[in-house]
Protein chains: 2
Amino acid sequence: MDNRPIGVFDSGLGGLTVLKEIIKVLPNENIVYFGDTARVPYGPRSKEAIIKYTFQAINFLMSKNVKAIVIACNTATARSLKEAQSKYNIPIIGVIEAGARTAAYSTKNKIVGVIGTEGTISSKSYNVEIEKLDKDIKIVSKACPLFVPITEEGWANTEVAYLTAKEYLKELLDQGIDSLVLGCTHYPILKRTIGKVVGEEIKLVNPAKETAKDLYDILGKQDILRTVNKDNPIYEYYVSDIPEKFASIGQQFLKRDMDDVKKIEIQKY
Amino acid sequence: MDNRPIGVFDSGLGGLTVLKEIIKVLPNENIVYFGDTARVPYGPRSKEAIIKYTFQAINFLMSKNVKAIVIACNTATARSLKEAQSKYNIPIIGVIEAGARTAAYSTKNKIVGVIGTEGTISSKSYNVEIEKLDKDIKIVSKACPLFVPITEEGWANTEVAYLTAKEYLKELLDQGIDSLVLGCTHYPILKRTIGKVVGEEIKLVNPAKETAKDLYDILGKQDILRTVNKDNPIYEYYVSDIPEKFASIGQQFLKRDMDDVKKIEIQKY
């Protein structure tokens, strides 16, 4: 029985879709979320900058006495997970490995689609992880730069979202994918629209779900779960800057209220 | 008769729409374009960072012996134009003042719309410039975050672009605007689609066009025009990183070939 919170970190608010899945799988855990909203997006930044930002985020979360950390950001996972794991001695997991594993195990025809931001797609992080498990899998990937602003505008279920998804996914459907990795933490918000475009035959892989399951396993193995629900769990939200629409968009992502979002000076950590 | 080139600087490739207007108004001038593609977008960066980046861009352009500089970027103009003008002793102009002036003079009902990125809209730079000229003008502004990725995908004349423009501009039309400032250098690419949504009654103000006219006036007054077209003008393009689609998107923005795009180390300037 370990009451220390879990730390969840993202460059912005996309990580809230990961937090949502963690809460489903681990409903008794206390959680501290940090979104580096002052420095979002990480995509165009150098590897050195991203490692520095990740370390600052982890230092902040460690100051909240967390027992494990989830890097709920594809870019930060791709650029800094290994460095973070070798520097700190608490469990740290990213979002890419679990999603890649699920895709590799679920594909039957060995043709997997991966969608994400330009940064994630050009980094080929999912390709590397999937190929580690099965070299015969063909990966068809596509950057979908409109998907993030569409979800942040709250337009996930509009005609604009549907037509955009149809255009982006055309190529992947033509290539015969049978599984599609939602390789950006914003994309689960578009699940219904993407599902309408690709049909029920194609399995949508949400790395957030798989990451939450991995986290459960790791906490269980180390015997640091908070199993008994005596007091309600506490969720704390911190950001490095408060964008105008943070709480309203965040609540849509999280599907629950975010009563109290605090701003911190992340440079100090 | 002054053969030195004009320097044009943007955080990425949006400034190419400004370059296009400069070439129309000043067809004999040699031009050096620099796009800071390694550090785009400037929107989320601090004022200090943007001033530093602007100074580096100007230092680079000065090394090419330019006779005048256009900061063809709304964010960089808003955050660093004054600092640049007081540091360097060649003419430096931005894109905001000329657009604001044209909007202030062209509105009849004194209700002006301004659209731009989140950064430009929340900076209220156009409001400040328009209010300097006429305090009675009511300004209705709206950030349109989908417009940049739509133009960069080459989707300017698609149904997605039309439906997006309709959604964004609804509010401005309801408020009765008679002039609309395209306050982001990407937006002139969407002129036809935006025109379809707002109708012919509403004047679209393209700050790039007005900036090109201002530049003509300034070069004329200082007697540093390149008036005689003995040799064809030379256009040189430099970027701090070469994104995959730079030349193909750039050519759509510029409506001419970009034969030779060179990468430079901007940190050295």
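All figures in this text were calculated on a predicted structure; none of them were measured in a lab. Proteins come first, then strands; the chains are lettered A, B, ... in the order of their sequence lines, and each starts at number 1.
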Any chance NZ of B:K52 has more than 12 other-residue heavy atoms, nucleotides or ligands included, within less than 6.0 Å? no

dist A:L163:CG -> B:Y162:OH (nearest 0.5 Å) comes out at 13.5 Å

The residue among B:L146, B:T164, B:V160 that forms side chain to side chain contact (heavy atoms under 4.5 Å, CB included) with A:I150 is B:L146

Here the gap from B:E152 atom CD to A:E118 atom CD, rounded to the nearest 0.5 Å, amounts to 8.0 Å

Crowding at NZ, B:K124 (>12 non-hydrogen neighbours, <6.0 Å): no

Is it true that atom CD of B:Q267 has more than 12 heavy atoms of other residues, nucleotides or ligands lying nearer than 6.0 Å?
yes

Exercise. Would the number of heavy atoms belonging to other residues, nucleotides or ligands and lying under 6.0 Å from NZ of A:K262 be above 12?
Worked result: yes

Rounded to the nearest 0.5 angstrom, the CD-CD distance for A:E167 and B:E159 is 12.5 Å

Heavy-atom closest pair (B:P145 atom, A:P149 atom, distance to 0.1 Å) is O-CB, 4.2 Å

Item checked: NZ/A:K196: more than 12 non-hydrogen atoms of other groups inside 6.0 Å -> no

